[in-house]
Amino acid sequence: MSEAAVLSKPAARKVPGSIWIVPPAALLALLFFYPLALIARQAFLDDSGVANIAEFVRVLHARFFLNALLNTVTISVAATAGCLIVGLMLGLILAFVPFPGSGVIARLIDTFIALPTFLVTLAFTFLYGSAGMLNSGLMEAFSLPTPPVDFLYSTWGVVLAEVTVYTPFILRPLLAAFSLVDRGQIEAASVLGARPFRIVRQVILPAAVPALIAGGSLCLLLTVNEFGIVLFIGAKGVITLPLLIYSKAIQESAYQVACIIALVNIVLSLGLFGLYRLAAGRLGV
């Protein structure tokens, strides 16, 4: 009797596991691919909705676009190099030069990740701006008629601000990598007469290469797309791709031009991310 009841009961339907990809795929398409498709579409259409390929070619050859592209690449590469140098120096000191409060210093540096970029830029303005503490002190001490320090409102001011903001993205993976270095190898090399520079070059740096690549690639991506620092500093003549997109879309209402530049910026970012994934895969990051 019970066996007949079991046989007559319809089997429960099993939901295919592949169906669970539908909700995240739909959400991704709605929030990412659809806006991206609209930007790509608008890049080839004028305001009346008519295809205008000539405008696309004109913008790519325009002086304002080429200058913004050059500024973006120059600032991002210089800021990433600065982050790598400063992050490596700080990482070596915090990890291998013990001193009281090193852990507190590392945590304080980490807090820069939580701060908005414009806040650091505002602090730089108070310190190094034309009416900042440094210029005011120098003008009062030496009776100078004009502010002697004016690097903030230039390309190097933007680079310095970005190095300050994004160095923690290098430091955090570096400290994690340094924590895995065998201290016995360092002691053995020191006993054998190796100097500190040689120990760093031959023992410590090989272990830090994956972390440097990961952190440096992230810094490069972030600085390529940085908007707040460049806008808030207001450096004369320093126009990057994100700032140019804002100017064309908001101030000039040139939406096709803004979408063309945005499309180039997206392609540049995705290309950098692809190179990062390729390098990371080969190095096992």
Side-chain angles (χ1 to χ4, degrees), residues 32 35-36 38-44 46-47 55-83 112-113 115-132 149-169 216-273:
F32 178 73
L36 184 61
L38 290 179
I39 293 174
R41 178 178 179 272
Q42 187 62 39
F44 295 95
D46 58 18
D47 294 337
E55 180 68 6
F56 190 94
V57 177
R58 185 192 72 81
V59 171
L60 294 184
H61 289 82
R63 175 68 63 181
F64 65 86
F65 168 76
L66 296 177
N67 287 339
L69 180 61
L70 179 61
N71 286 334
T72 301
V73 173
T74 301
I75 291 173
S76 60
V77 171
T80 301
C83 288
F112 278 91
I113 298 176
L115 297 178
T117 57
F118 76 86
L119 189 60
V120 175
T121 309
L122 182 62
F124 271 45
T125 303
F126 287 144
L127 291 174
Y128 310 117
S130 299
V149 179
D150 61 351
F151 73 91
L152 183 62
Y153 306 107
S154 66
T155 300
W156 296 113
V158 176
V159 170
L160 180 61
E162 292 188 358
V163 169
T164 304
V165 171
Y166 293 117
T167 293
F169 291 92
S217 301
L218 180 59
C219 284
L220 189 61
L221 285 170
L222 292 173
T223 52
V224 161
N225 297 292
E226 177 57 45
F227 173 74
I229 290 177
V230 183
L231 178 65
F232 208 90
I233 285 182
K236 185 177 180 180
V238 181
I239 305 296
T240 59
L241 291 180
L243 194 61
L244 185 61
I245 295 169
Y246 170 81
S247 175
K248 294 297 181 181
I250 305 302
Q251 298 178 348
E252 301 179 23
S253 298
Y255 297 112
Q256 184 183 5
V257 177
C259 288
I260 292 171
I261 302 169
L263 190 61
V264 173
N265 200 5
I266 292 169
V267 171
L268 178 61
S269 299
L270 292 178
L272 291 174
F273 181 74

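Heads up: numbering here begins at 1 and tracks the sequence. These numbers were taken from a predicted model, which means no experiment stands behind them.
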Please check this pair: side chain of [X] against backbone of [Y], looking for a donor-acceptor N/O pair closer than 3.5 Å.
{"X": "Thr223", "Y": "Ala79", "answer": "no"}
{"X": "Thr125", "Y": "Thr121", "answer": "yes"}
{"X": "Thr167", "Y": "Thr164", "answer": "no"}

Check: Glu226/Tyr166 side-chain N/O donor and acceptor closer than 3.5 Å: yes

Pair listing, ring-ring contact (aromatic ring centres under 6.0 Å, His included) test, anchored in residues 56-75, at least two apart: Phe44-Phe56

Contact between [X] and [Y] at the side-chain level, heavy atoms closer than 4.5 Å - yes or no?
{"X": "Val238", "Y": "Ile75", "value": "yes"}
{"X": "Ile233", "Y": "Phe124", "value": "no"}
{"X": "Tyr153", "Y": "Ser130", "value": "yes"}

Summary of salt bridge (Lys or Arg N to Asp or Glu O under 4.0 Å) pairs that have at least one residue in residues 256-269, sequence neighbours excluded: none

Test side chain to side chain contact (heavy atoms under 4.5 Å, CB included) applied to Val165 and Val120, Leu222, Leu160, the passing residue: Val120

From Thr80, Thr74, Val73, residue fulfilling side chain to side chain contact (heavy atoms under 4.5 Å, CB included) relative to Val77: Val73

Heavy-atom pair with the smallest gap, counting every atom of Ala68 and Leu244: CB-CD2, 3.7 Å

More than 12 heavy atoms from other groups under 6.0 Å of CZ on Phe151: yes

Report the distance from atom [atom1] of [X] to atom [atom2] of [Y], rounding to the nearest 0.5 Å.
{"X": "Cys219", "Y": "Glu162", "atom1": "SG", "atom2": "CD", "value": "9.5 Å"}
{"X": "Thr240", "Y": "Leu231", "atom1": "OG1", "atom2": "CG", "value": "9.5 Å"}
{"X": "Leu221", "Y": "Ser76", "atom1": "CG", "atom2": "OG", "value": "9.5 Å"}
{"X": "Leu218", "Y": "Phe273", "atom1": "CG", "atom2": "CZ", "value": "10.0 Å"}
{"X": "Ile245", "Y": "Ser247", "atom1": "CD1", "atom2": "OG", "value": "11.0 Å"}

For residues 255-270, which side-chain donor-acceptor pairs fall under 3.5 Å, sequence neighbours excluded?
unit_1 : atom_1 : unit_2 : atom_2 : d
Gln256 : NE2    : Ala43  : O      : 3.3
Gln256 : NE2    : Asn52  : O      : 3.3
Ser269 : OG     : Asn225 : OD1    : 3.1
Ser269 : OG     : Asn225 : ND2    : 3.1
Ser269 : OG     : Asn265 : O      : 3.0

